[in-house]
Amino acid sequence: IVVSYLNGEIVYAAHHSGSWSTATVLNGTSATSYPRIAMNNSNHAVTAFGSFYNTTINIYKNHYNGSSWGALTIGDYLYATFTSDFYYPYLGLDDSGNALYVWTDLTNIQWCSTTYTATSCTPASLNPVSGNVSISRVAMTTAGNAYAIWQQNNGSNEAIYFASFNGSTWTTPADLTGSISPTGTD
């Protein structure tokens with residue numbers, strides 16, 4: 001499966017039995033960006049992307065059940081409070097259909113976990129300190145364990161933080177900055 005950004009639209013295509021499907025537009029909103037996709041071994045997928053709506057950038061999602069995408073409506077956003085912009089969604093999907101989303105609003109690292117077919121979830125913050133967050137990433141195993149990493153200002157420097165998720169709770173975020181070596185030998 002490929003999800004791509006083209007002229008403000010999220011476009012999907014799948015490769016089955018040696019050929020590509022016709023490209024299909026997934027979003028019905030405008031000014032869309034930051035598309036991401038995750039797929040599991042059951043041939044299910046979730047996608048998340050940012051889209052400008054109601055004067056802010058919101059994160060929307062859609063799901064693939066193995067043969068077709070869900071109908072995307074304007075209410076299929078991950079977070080329903082239009083008080084600040086949300087950027088850079090990353091996601092994972094385990095083999096049981098549990099999806100995990102991580103994103104930033106530039107001051108917080110946010111996350112939520114839900115089934116892949118749910119239309120929304122309640123976010124929570126992973127921030128260990130107060131400071132701007134600029135980059136986040138997440139990876140998820142087939143069993144539902146996840147690992148998040150992000151860059152955040154700790155008050156005096158840019159720092160790299162890490163936390164792991166066991167399917168229900170996160171570990172306390174750790175500052176990895178002192179453990180990172182430019183040569184990879186430390």
Side-chain angles (χ1 to χ4, degrees), residues 1-5 9-16 21 24-29 32-51 53-54 56-105 108-127 133 136-150 162-173:
I1 292 180
V2 174
V3 173
S4 180
Y5 170 77
E9 297 179 322
I10 303 299
V11 179
Y12 148 83
H15 190 268
H16 295 285
S21 67
T24 304
V25 175
L26 289 181
N27 62 304
T29 59
T32 303
S33 58
Y34 317 119
R36 304 288 188 253
I37 189 168
M39 189 169 189
N40 66 15
N41 290 324
S42 300
N43 204 29
H44 297 142
V46 288
T47 185
F49 49 89
S51 189
Y53 174 72
N54 207 20
T56 61
I57 297 173
N58 299 288
I59 296 178
Y60 292 79
K61 68 171 287 296
N62 202 343
H63 67 277
Y64 181 75
N65 65 13
S67 61
S68 63
W69 286 94
L72 182 69
T73 64
I74 202 67
D76 287 341
Y77 39 76
L78 286 176
Y79 191 46
T81 302
F82 302 108
T83 57
S84 65
D85 290 341
F86 296 92
Y87 297 96
Y88 314 113
Y90 281 86
L91 57 153
L93 183 64
D94 70 16
D95 281 351
S96 297
N98 299 306
L100 181 80
Y101 303 87
V102 173
W103 67 91
T104 178
D105 64 8
N108 295 292
I109 181 81
Q110 300 285 335
W111 73 277
C112 67
S113 178
T114 186
T115 62
Y116 83 101
T117 57
T119 58
S120 65
C121 57
T122 303
S125 176
L126 277 177
N127 290 32
V133 177
S136 64
R137 301 289 189 270
V138 68
M140 191 170 199
T141 68
T142 58
N145 298 313
Y147 307 91
I149 191 165
W150 63 96
F162 169 85
S164 60
F165 182 71
N166 66 10
S168 61
T169 59
W170 287 92
T171 60
T172 301

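All values below come from the heavy atoms of this structure, side chains included, with hydrogens, waters and symmetry mates left out.
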Within this structure, what is the OG-CG distance for the pair S42 and D94, rounded to the nearest 0.5 Å? 9.0 Å
Spacing of NE2 belonging to H63 relative to OG belonging to S68, to within rounding of 0.5 Å: 7.5 Å
Once rounded to the nearest 0.5 Å, what's the spacing between atom CG of L91 and atom OG1 of T47? 7.0 Å
For A146, the side-chain contact (heavy atoms from CB on, under 4.5 Å) test, sequence neighbours excluded, returns L100, V138, M140, F165
Kindly state each residue pair satisfying side chain to side chain donor-acceptor pair (under 3.5 Å) with at least one member in residues 137-147, sequence neighbours excluded. Y90-R137
List the atom of L126, the atom of P173, and the distance in Å for their closest heavy-atom pair. O-CG, 3.1 Å
Distance from Y101 atom OH to R36 atom CZ, nearest 0.5 Å? 14.0 Å
Do N166 and S168 meet the criterion of a side-chain donor-acceptor pair at a distance under 3.5 Å? yes
Indicate yes or no for a side-chain donor-acceptor contact from N41 to the backbone of D95 under 3.5 Å, with no hydrogens or angles considered. no
What one should report as the nearest heavy-atom pair of S136 and I109 is CB-CD1, 3.0 Å
Atom pair CG (N98) and OG1 (T114), whose distance is rounded to the nearest 0.5 Å: 8.5 Å
d(W150 CH2, W103 CH2) to nearest 0.5 Å is 13.5 Å
